[in-house]
Amino acid sequence: MIKISPSILSADILKLEEEVRCLDLNGAEYIHIDIMDGHYVPNITFGPNIVKSLRKVTSKILDVHLMIKPVKQYIKEFIDSGSDIITFHPEADDNPEEIIKMISDSEIKAGIAIHPEVNIADIDHLFSKVQQIIVMTVTPGFGGQKFMHDQVQKIKDLDEIRKNNNYNYEIAVDGGVNNENAKICKDNGADVLAVGSYLLSQNQKNYNEIINSLR
Ligand code: DX5
Ligand code: ZN
């Protein structure tokens with residue numbers, strides 16, 4: 001069954017604890033936390049302190065998506081804060097292999113995210129080493145953007161590469177996911193859907209129904 005990773009980027013920060021508890025109770029498997037630095041992307045969000053606080057609120061998988069450059073110097077703090085998966089953009093640092101190793105050595109899952117302008121062939125040497133690959137279906141930086149259908153082929157290619165090589169990464173899709181494109185993602189091989197505005201703009205009473213319909 002496809003997993004749902006609600007993105008708290010679209011949450012009301014004053015109600016963050018309540019939102020995360022509610023998403024947890026309504027069946028979300030992961031909580032997607034977008035870390036933006038105002039440099040790799042033109043927006044600033046959270047730091048490791050938010051991950052640390054949310055760790056006390058939920059035992060669901062904390063799926064931390066780093067949109068920061070450089071990456072390496074912040075990894076330890078995100079590990080120590082209680083992340084379960086740390087995903088970064090490999091072009092944002094000089095030595096992605098070393099970063100993957102730092103994460104994996106701490107016995108948490110390492111992931112890489114594919115910016116729409118990055119080709120699979122540029123980073124496929126990393127695929128055997130990671131447990132999650134995020135296909136970005138918007139330009140990273142903001143919630144509420146339109147799903148880029150021209151990125152769907154990457155989901156399909158990653159699924160094929162995984163089968164052909166016996167790799168074991170999960171394929172996540174992040175950006176503009178809604179009830180119209182969730183099935184396309186699933187049919188092409190996605191395992192996880194990061195969902196921000198489509199879910200969090202709704203009344204909490206409907207979360208369970210929306211999460212189930214996205215699946
Ligand atoms: C975009 C972020 C996404 C974002 C998704 O840079 O990585 O995780 O929160 O939000 P929606 O679903 O609104 O596109
Ligand atoms: Zn994200």
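Both counts, for ligands and for their atoms, begin at 1 and track the order of listing.
For ligand 1, the polar-atom distance check finds no N/O of Gln145 at less than 3.5 Å from any of the ligand's N/O atoms. Between Ser197 and ligand 1, an N or O atom pair is found at a separation short of 3.5 Å. Checking only distances, Ser10 never comes within under 3.5 Å of ligand 1, N or O to N or O. Residue contacts with ligand 1: Gly176 is placed with a nitrogen or oxygen under 3.5 Å of a nitrogen or oxygen of the ligand (distance criterion only). Residue-to-ligand polar distances place His65 within reach of ligand 1: an N/O pair is separated by less than 3.5 Å. Remark: ligand 1 and Pro140 share no N or O pair separated by less than 3.5 Å (distance only, no angle test).
One option in Pro6, Gly175, Ala194, Gly143 has a heavy atom closer to atom 10 (O) of ligand 1 than any other, and that option is Gly143.
Those atoms of ligand 1 that come under 4.0 Å of a heavy atom in Met136, given as number and element, are 7 (O). Shown in contact with Ser7 at under 4.0 Å from a heavy atom are these atoms of ligand 1, numbered in order with element: 4 (C), 8 (O), 9 (O). Annotation for ligand 1: atoms under 4.0 Å from non-hydrogen atoms of Gly144 are 11 (P), 13 (O), 14 (O). Heavy-atom proximity to Met36, at under 4.0 Å, picks out these atoms of ligand 1: 6 (O). Ligand-side atoms of ligand 1 in range of Met67: 6 (O), 7 (O), range being under 4.0 angstrom from any heavy atom. Shown in contact with His32 at under 4.0 Å from a heavy atom are these atoms of ligand 1, numbered in order with element: 8 (O).
Side-chain atoms of His115 come within 3.5 Å of backbone atoms of Glu117 as a donor-acceptor pair (strictly under, hydrogens ignored). In this structure a side-chain-to-backbone donor-acceptor pair under 3.5 Å is missing from Asp93 to Pro70. A donor-acceptor pair under 3.5 Å is absent between the side-chain atoms of Ser197 and the main chain of Ser10, judged by distance alone. Judged purely by atom type and a 3.5 angstrom limit, Glu29 uses its side chain to pair as donor or acceptor with the backbone of Ile4.
Scanning all protein heavy atoms for the shortest distance to atom 4 (C) of ligand 1 gives Asp34 OD2, 3.6 Å. What sits closest to atom 3 (C) of ligand 1 on the protein, heavy atoms only, is Asp174 OD1, 2.9 Å. Scanning all protein heavy atoms for the shortest distance to atom 6 (O) of ligand 1 gives Gly141 N, 2.8 Å. Atom 12 (O) of ligand 1 has Gly196 N, 2.8 Å as its closest protein atom, hydrogens excluded (heavy atom only).
Comment: Arg162 engages Asp191 in a salt bridge, judged by a side-chain N to carboxylate O separation of less than 4.0 angstrom. Between Glu98 and Lys72, at least one side-chain N (NZ, or NE/NH1/NH2) sits under 4.0 Å from a carboxylate O, which counts as a salt bridge. With respect to Glu77 and Lys52, no salt bridge is recorded, no charged nitrogen being found less than 4.0 Å from a carboxylate O. Between Glu170 and Lys3 there is a salt bridge, since at least one side-chain N of the basic residue sits less than 4.0 Å from a carboxylate O of the acidic one. We find that Lys101 and Glu97 are not joined by a salt bridge, their nearest charged nitrogen and carboxylate oxygen being 4.0 Å or further apart. Salt-bridge formation is detected for the pair Asp24/Lys60: a Lys NZ or Arg NE/NH1/NH2 atom is positioned less than 4.0 Å from an Asp or Glu carboxylate oxygen. Comment: Lys156 does not engage Asp187 in a salt bridge, judged by the lack of any side-chain N to carboxylate O separation of less than 4.0 angstrom.
Within Asp174, the N, O or S atom lying nearest to the Zn ion (ligand 2) carries the name OD2. The N, O or S atom of Asp34 with the smallest distance to the Zn ion (ligand 2) is OD1. Taking the Zn ion (ligand 2) as reference, the nearest N/O/S atom within His65 carries the name ND1.
The distance from the CG atom of Asp63 to the OG1 atom of Thr87 is 6.0 Å, given to the nearest 0.5 Å.
In this structure, Phe127 has its ring center no closer than 6.0 Å to that of His125.
Using a 4.0 angstrom heavy-atom cutoff, Phe142 counts as in contact with ligand 1.
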